[in-house]
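Note on naming: letters A, B, ... go to the chains in the order of the sequence lines (proteins, then strands), and numbering restarts at 1 for each one. Computation of the quantities below employed the complete heavy-atom set of this structure, encompassing side-chain atoms and omitting hydrogens, waters and symmetry-equivalent molecules.
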Amino acid sequence: MSAIDAPKGVVEYLPPESATFLAVREALAAPAIAAGYGYAEVPIFEHTELFVRGVGESTDVVSKEMYTFDDRGGRSLSLRPEGTAGVMRAVIQHGLDRGPLPMKLWYAGPFFRAERPQHGRYRQFFQVGIEAIGVDDPALDAEVVAIGDSGFRSLGLTDFTLEITSLGDSTCRPGYREKLIAFLDTLDLDAATHARAQVNPLRVLDDKRTDVRRQLVDAPLMIDHLCSDCVEHFAATRAYLDALRVSYTLNPRMVRGLDYYTKTTFEFVHHGLGAQSGIGGGGRYDGLMAELGGQPLSGIGFGLGIDRAVLACRAEGLPIADERRLDVFFVPLGDAARLQSVATVGELRRAGVRADLAYGSKGLKGAMRAADRSSALYAVVVGDRDLDAGVSQLKDLTTGEQIAVPLNQLVATLKEKFL
RNA sequence: GUGGGCGUAGCUCAGCUGGUAGAGCACCGGGUUGUGGUCCCGGGGGUCGCGGGUUCGAGCCCCGUCGCUCACCCCA
């Protein structure tokens with residue numbers, strides 16, 4: 001009879017570390033909420049077709065990393081590998097694109113990719129994402145980037161950089177793409193890389209092998225082949241970023257794994273995480289809505305990795321979670337005292353004081369140990385002697401000082417200390 | 001999917017040229033049946049990841065497998 005382990009490649013967050021996960025998720029979402037983004041709760045599985053059309057059939061994500069299965073009616077469903085396609089589907093289905101624009105949404109939850117696990121790369125991972133749909137304004141590009149930036153900054157992270165570039169649009173990208181493929185054809189590359197050059201030539205630009213990099217120094221770059229519209233949009237976006245005092249570096253070789261990106265694309269790269277260094281990324285996707293059968297509206301968004309942000313905080317030695325979970329811990333001695341304590345703890349909790357008590361029959365010593373480990377600042381000891389006298393013993397667990405407090409003043413006394 | 005490293009108690013790890021498994025921390029109990037955190041004493045915990053092989057004998061050697069990890073790849 002062997003115990004069952006979790007499936008390969010998943011992360012789990014349990015107390016006390018799980019408090020960090022929650023705090024990071026809150027911090028990453030807060031700037032979006034402050035900017036008027038509304039919350040979207042969408043399914044974690046969709047028709048496989050949505051991702052094939054939205055993300056792109058030739059991408060690694062769709063072609064070999066999705067968890068795909070048939071439901072009982074024989075329809076092909078897939079666990080979502082990213083968030084944008086599903087949110088766009090919901091926007092179109094419920095007509096949100098017919099309301100005031102831009103439509104601004106945020107979401108958070110698990111995503112799934114069947115990859116080889118690695119530090120910071122999990123088969124189920126968690127993101128906070130936002131999408132702003134329907135207005136092709138560079139100021140909106142800058143807003144989205146700035147929201148991501150301030151989310152990470154609010155956690156205290158400093159050892160990361162923001163990289164941005166423009167991937168062009170349907171006017172200028174096709175011509176550049178041909179030029180790049182022609183250039184890559186002339187290089188001395190292995191078969192797999194030549195094949196990749198045909199499917200997604202942009203990706204070859206990001207190759208990490210030195211012999212490949214050496215051949216790429218003179219490669220044509222998208223940033224030098226933008227049409228006038230894209231040049232203008234990119235320049236304006238950068239001006240707005242400057243106005244928002246968001247610092248960034250240009251990375252003309254940045255690669256996105258999803259087909260739908262156009263124009264502004266960006267990535268937050270942390271320097272303390274090893275190979276899985278991207279803690280967030282996103283960009284504009286002006287053709288996606290139309291591709292999915294909606295109105296031809298532009299859009300821009302990002303996904304921020306909660307797991308990697310947690311690792312980044314750890315790498316920078318940032319203590320995120322509040323270590324104190326409790327204000328007061330009750331130690332009842334005997335049944336009458338227990339009844340009294342249960343009632344008082346309930347009253348305190350309703351009032352907003354974080355309270356707990358020693359359950360079970362640990363004995364006084366065991367109950368005091370429990371109080372000590374609960375992280376509470378105060379213990380309240382109540383025994384028969386106290387009940388007869390109408391008092392409880394309020395003990396400061398830091399100093400060891402203990403005073404008698406009349407039972408009818410106990411709740412008021414604790415509320416005064418903690419509220 | 002491809003390579004390298006590592007799997008010993010809940011955690012961090014030690015374990016000699018193969019000789020029958022240990023420490024610290026944590027947990028539980030006692031010292032102190034109305035007082036925790038320090039201290040002292042004691043206790044429970046392990047199919048040495050799993051399966052096979054070599055051997056009188058395997059935690060240690062060999063093969064396979066699973067998991068973790070680092071890198072490729074991919075990306076959050």
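- Using a cut-off of 4.0 Å between Lys/Arg side-chain N and Asp/Glu carboxylate O, Lys263(A) and Asp141(A) are scored as not salt-bridged.
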Check step by step if ring pair (Phe, Tyr, Trp, His ring centres under 6.0 Å) holds for Phe266(A) and Tyr248(A). CA-CA 9 Å; Phe266(A) 57 94; Tyr248(A) 57 86; over 10 Å; no
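- Here the nucleotide nearest the side chain of Val381(A), chosen from C73(B), U35(B), A76(B), is U35(B).
- Applying the 3.5 Å distance criterion, the base of C75(B) shares a donor-acceptor pair with the side chain of Arg308(A).
- RNA chain B lies under 4.0 Å from at least one heavy atom of each of the following residues of residues 274-284 of chain A: Gly274(A), Ala275(A), Gln276(A), Gly278(A), Ile279(A), Gly280(A), Gly281(A).
- Screening Asp149(A), Ile130(A), Ile147(A) for a side-chain contact (heavy atoms from CB on, under 4.5 Å) with Pro31(A), the sole residue that qualifies is Ile147(A).
- Here the side chain of Val61(A) is nearest to one of G34(B), C28(B), C75(B), namely C75(B).
- When heavy atoms are screened at a 4.0 angstrom cut-off, Gly366(A) is found touching no nucleic acid atom at all.
- Nearest nucleotide to the side chain of Lys8(A), out of G34(B), G67(B), G36(B): G67(B).
- When heavy atoms are screened at a 4.0 angstrom cut-off, Phe268(A) is found touching no nucleic acid atom at all.
- Contact annotation: Gln393(A) side-chain N/O to U35(B) OP1/OP2 distance is not under 4.0 Å.
- Closest of all the heavy-atom pairs between Glu316(A) and His270(A) is OE2-NE2, 2.7 Å.
- Rounded to whole angstrom, the span from the CG atom of Asp396(A) across to the P atom of G37(B) amounts to 16 Å.
- For C70(B), the OP1/OP2 oxygens have a side-chain nitrogen or oxygen of His119(A) closer than 4.0 Å.
- Annotation: C48(B) and U8(B) have their P atoms spaced 11 Å apart (nearest Å).
- Aromatic stacking is marked for Phe125(A) over A76(B), as both cut-offs hold: 5.5 Å for the centres and 30° for the planes.
- Listed nucleotides: C68(B), A76(B), C75(B). Nearest to the side chain of Glu115(A): A76(B).
- Among the atoms of the strands shown, only primed sugar atoms or phosphate atoms (P, OP1, OP2) are found under 4.0 Å from some heavy atom of Gly9(A).
- Atoms CZ (Arg123(A)) and C1' (C73(B)) sit 14 Å apart, rounded to a whole Å.
- Applying the Watson-Crick and G-U wobble criteria (two distances, each under 3.5 Å), G22(B) pairs with C13(B).
- Within 4.0 Å of Glu82(A), counting heavy atoms only, lies no atom of the nucleic acid at all.
- Look at CG on Leu311(A): it is 9 Å from P on C70(B), rounded to the nearest Å.
- Both Gln118(A) and Tyr261(A) lie near RNA chain B, and the one whose nearest nucleotide falls closer to the 5' end is Gln118(A).
- Remark: Arg373(A) is in phosphate contact with C28(B), judged by side-chain N or O atoms under 4.0 Å from OP1 or OP2.
- A donor-acceptor contact under 3.5 Å is not formed by the side chain of Asp372(A) with the base of G37(B).
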Verdict with supporting geometry, Tyr176(A) and Asp224(A), side chain to side chain donor-acceptor pair (under 3.5 Å): CA-CA 9 Å; Tyr176(A) 162 72; Asp224(A) 300 319; over 6 Å; no
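- Salt-bridge annotation for Asp356(A) and Arg349(A): present, with a side-chain N of the basic residue lying under 4.0 Å from a carboxylate O of the acidic one.
- Remark: Phe160(A) CZ to His271(A) NE2 distance equals 9.0 Å, nearest 0.5 Å.
- Checking side-chain atoms of Asp386(A) against main-chain N and O of Gly383(A) turns up a donor-acceptor pair under 3.5 Å.
- For the pair Arg369(A) and G37(B), the criterion of a side-chain N or O lying under 4.0 Å from OP1 or OP2 is met.
- Across U47(B) and G52(B), the matching C1' atoms stand 16 Å from one another, rounded to whole Å.
- When the C1' atom is used for both C50(B) and C13(B), the distance is 22 Å, rounded to whole Å.
- At a threshold of 4.0 angstrom between heavy atoms, the contacts of Asp206(A) with the nucleic acid are absent.
- Side-chain contact of Tyr122(A) with Gln276(A): a donor-acceptor pair under 3.5 Å is absent, judged by distance alone.
- Checked against U35(B), C28(B), U69(B), the side chain of Met368(A) finds its nearest nucleotide in U35(B).
- Distance from the side chain of Arg116(A) is smallest for U2(B) among the nucleotides C75(B), C72(B), U2(B).
- Heavy-atom nearest nucleotides on RNA chain B were determined for Thr399(A) and for Leu273(A), and the one closer to the 5' end corresponds to Thr399(A).
- Checked by distance alone, Lys365(A) brings no side-chain donor or acceptor within 3.5 Å of a matching partner on the base of G36(B).
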